[in-house]
There are 2 protein chains.
Amino acid sequence: MSTLTAKGQATRDRIVEATADRILAAGIGATSLDDVRADTTTSKSQLFHYFPGGKAELVRAVVALQGERVLDAQRPALAALDSLEAWEAWRAALLAHYAAQHGWGCPIGSLAAEAAGTDAELAEQIDDYLRTWRGELQAGLERMAAAGKLRDDAPPPERLAAALFAQLQGGLLLTRTEQALWPLEAALDGALVQLRAALAS
Amino acid sequence: MSTLTAKGQATRDRIVEATADRILAAGIGATSLDDVRADTTTSKSQLFHYFPGGKAELVRAVVALQGERVLDAQRPALAALDSLEAWEAWRAALLAHYAAQHGWGCPIGSLAAEAAGTDAELAEQIDDYLRTWRGELQAGLERMAAAGKLRDDAPPPERLAAALFAQLQGGLLLTRTEQALWPLEAALDGALVQLRAALAS
DNA sequence: TACGGTCTGGACCATGGAGTCCAATCGACT
DNA sequence: AGTCGATTGGACTCCATGGTCCAGACCGTA
């Protein structure tokens, strides 16, 4: 792993991406290394060549990739969540991302439950990821609070961020069970209603 | 299976309950029949005696039990969700239930992702369950709308119910990752904010 | 006490999937 | 061409786990 040829890097990437697709569609447990092998036309030895830690390491790479993708999709909006318009832009970015995603993959949050039982380290990684994501929302709210844009009787940024983030995650969950985008839309609308209610008049 | 002695019924119940605990703590995939056997001091033959369909049938029984439990916890409040006070009572009932639950089991919604990959029938059962739960909220909102208690420009009951339900499910997700109750509290607070915003003045 | 059904124990089988190993090939650099 | 490491193929081992089977214990009834 010290040195990776361009070819090797390409193979590695191919493996991670294909595995990500499968895991998002079927879950971790339902994704076998043989599946991955078939999807990528690779051999067992390659899987373990690029991921000496075996399936656990591969899955961790997948989670990191997918996490980065989702964060990237909100990136410009996420950095400047300090006005109602910015939050509306954030909402739009999320909807665009999940609408474009082929299939209705399970949200990362749903993997947490599965990971908790099988791989404590992975569970920790997912929890950390969710915390940083939520932290971004909280940071935006804190900037707004500091600028006096929030009502005095509004919930503190930490709680408000948790509520908004929960709204989002729940929306993703329903979007998956319903195989449709509208629950996520409805959820994000609800999040904005909450935000407006917290805005200083 | 046709006839169950009191003793047999007791054993069966013991199996389902112990399995429920394990599944809620570790997920479906991380719960093996041998684990269940050990937890309940039963033998393989008993497991298959009471659940001829094997693990799949057992898991379905667990989901049914847990679903019923959660619904029961909200029962009185759920039947009369037609005023702000009723929704506040509902919120309190949920918090009480999840606070009392030992450990921070994964919400049923989180099992959906795992089930989707391994047992389509189970996934369907879980989806149905989530739909009826959400349907209860929607029914309450529809009664309120019919009684003119909702603003004309409020979202339609279906979307509002989805938003509130998503808020709840997301709250459960965070409560698990944080191993604390406050995210669920914050989420339910957010749900009530949304509800108030939809109330006719 | 004999009988029939339910209940229980635990050995046994089958299989899928993770992980190992070695030999063969490729490709860059000398 | 020669060499060395990166890359690849695929057979093989090992084991966890779901599922089968049968013999025996329990228990109510005739």
Side-chain angles (χ1 to χ4, degrees), chain A residues 1-20 22-23 25-63 111 114-115 117-122, chain B residues 1-20 22-23 25-63 111 114-115 117-122:
Chain A
M1 286 345 43
S2 47
T3 52
L4 271 192
T5 308
K7 188 181 177 188
Q9 184 66 47
T11 310
R12 202 195 120 105
D13 291 349
R14 189 158 42 94
I15 292 172
V16 177
E17 281 161 27
T19 310
R22 258 204 187 262
I23 284 185
I28 298 172
T31 299
S32 76
L33 293 187
D34 277 328
D35 290 335
V36 174
R37 210 175 41 68
D39 286 353
T40 55
T41 55
T42 52
S43 63
K44 257 320 183 32
S45 70
Q46 299 182 61
L47 262 38
F48 282 84
H49 179 84
Y50 294 108
F51 305 92
K55 186 176 182 180
E57 185 177 345
L58 174 55
V59 171
R60 263 173 255 138
V62 164
V63 168
L111 296 180
E114 195 176 353
T118 52
D119 183 339
E121 192 176 342
L122 175 63
Chain B
M1 278 309 307
S2 50
T3 53
L4 272 193
T5 307
K7 188 180 176 187
Q9 183 67 45
T11 308
R12 201 195 122 105
D13 290 349
R14 189 158 43 95
I15 293 173
V16 177
E17 280 160 28
T19 310
R22 255 200 190 264
I23 285 185
I28 298 172
T31 299
S32 74
L33 292 186
D34 277 327
D35 290 334
V36 174
R37 209 174 43 68
D39 286 353
T40 55
T41 55
T42 52
S43 63
K44 260 318 185 32
S45 68
Q46 299 182 63
L47 262 39
F48 283 85
H49 181 144
Y50 295 109
F51 305 93
K55 187 176 183 179
E57 185 177 346
L58 174 55
V59 171
R60 263 173 255 138
V62 165
V63 168
L111 297 180
E114 196 177 352
T118 51
D119 183 340
E121 191 177 341
L122 176 63

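In what follows, chains are A, B, ... by sequence order, proteins preceding strands, each numbered from 1. In this text the structure is predicted, and so the values were computed from the model without any measurement.
Regarding B:Phe48, its CZ atom lies at a distance of 16 Å from the P atom of D:dC22, rounded to whole Å. One atom, NZ of B:Lys55, and another, P of D:dT20, lie 15 Å apart when rounded to the nearest Å. The interatomic distance linking A:Leu47 (CG) with D:dG9 (C1') rounds to 13 Å, in whole Å. If you take CG of B:Leu58 and P of D:dT17, they are 15 Å apart, rounded to a whole angstrom. A:Asp34 has its CG atom 12 Å from the P atom of D:dA11, to the nearest Å. The CZ atom of A:Arg37 sits 10 Å away from the P atom of D:dG9 (whole-angstrom rounding). In this structure, B:His49 places its NE2 atom 15 Å from C1' of D:dC21, rounding to the nearest Å. Taking atom CZ on B:Phe51 and atom C1' on C:dT8, their separation rounds to 15 Å, with Å as the unit.
At distances below 3.5 Å, not a single donor-acceptor pair connects side-chain atoms of A:Lys44 with backbone N or O atoms of A:Leu33. Between the side chain of A:Glu114 and the main chain of A:Ile28, a donor-acceptor pair closer than 3.5 Å is present. Judged by distance alone, with hydrogens and angles left aside, the side-chain atoms of A:Asp13 form no donor-acceptor pair with the main-chain N or O of A:Ala10 at under 3.5 Å. In this structure a side-chain-to-backbone donor-acceptor pair under 3.5 Å is missing from A:Arg22 to A:Val36.
The side chain of A:Gln46 lies closest to D:dT8 when the candidates are C:dT8, C:dG5, D:dT8. Checked against C:dG5, C:dG19, D:dT7, the side chain of B:Thr3 finds its nearest nucleotide in C:dG5. Of the candidate nucleotides C:dG19, D:dG9, D:dA6, C:dG19 has the atom lying nearest to any side-chain atom of A:Leu33. Considering only the side chain of A:Leu4, D:dT7 comes nearest among C:dA18, D:dT7, D:dG10.
Counting any heavy atom pair closer than 4.0 Å across all strands shown, A:Ser45 reaches a base atom.
Side-chain N/O atoms of B:Thr11 include one lying less than 4.0 angstrom from OP1 or OP2 on C:dT8. The side chain of A:Tyr50 contributes an N or O atom lying less than 4.0 Å from OP1 or OP2 of D:dT8.
Summary of the strand contacts: A:Lys7 and B:Lys44 both lie near DNA chain D, and taking for each the nucleotide with the nearest heavy atom, the more 5' one is attributed to A:Lys7.
If you check distances only, the side chain of A:Ser32 never reaches the base of C:dG17 with a donor-acceptor pair under 3.5 Å.
Residues B:Tyr50 and B:Thr42 have side chains not in contact (no heavy-atom distance under 4.5 Å, counting atoms from C-beta outward).
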